[in-house]
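For reference, the structure is listed below as structure tokens.
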Amino acid sequence: MNLVLWTAAGVPAAPGLAPVRVPVTALCRVPLTAGAMITHGRRGESASVLPNLCCPAVAAFVAWGRFA
């Protein structure tokens, strides 16, 4: 599911069709993955928390880079 979402976020920027869609999608992914991280933590699935720490960081970096 994550692969599909990241691909859908990046594809429109390649040909320049919807360049504003990429940073908006990346910005929306930050609270989404933060919520997933909280849910995994509450369930006791500590192995899934670390990958979910990386996703919001990458999404915030992409949004910052595209909006700047």
Side-chain angles (χ1 to χ4, degrees):
M1 181 76 167
N2 277 337
L3 180 62
V4 172
L5 291 173
W6 282 107
T7 304
V11 169
L17 295 176
V20 78
R21 184 178 177 187
V22 174
V24 170
T25 304
L27 198 59
C28 291
R29 297 260 314 158
V30 173
L32 180 73
T33 54
M37 183 176 56
I38 292 168
T39 302
H40 286 302
R42 286 183 181 170
R43 288 179 157 183
E45 301 168 352
S46 58
S48 298
V49 173
L50 185 61
N52 285 323
L53 280 174
C54 298
C55 288
V58 171
F61 177 73
V62 168
W64 171 75
R66 294 288 183 154
F67 278 131

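Ala34 and Pro56 get closest at one heavy-atom pair: N-CG, 4.4 Å.
Taken together through direct or relayed side-chain contacts under 4.5 Å among Ile, Leu, Val, Met, Phe, Trp and Tyr, Val24 and Leu27 form part of one hydrophobic cluster.
For the side-chain contact (heavy atoms from CB on, under 4.5 Å) test with Cys55, the passing option among Thr33, Val30, Leu32 is Thr33; the others fail.
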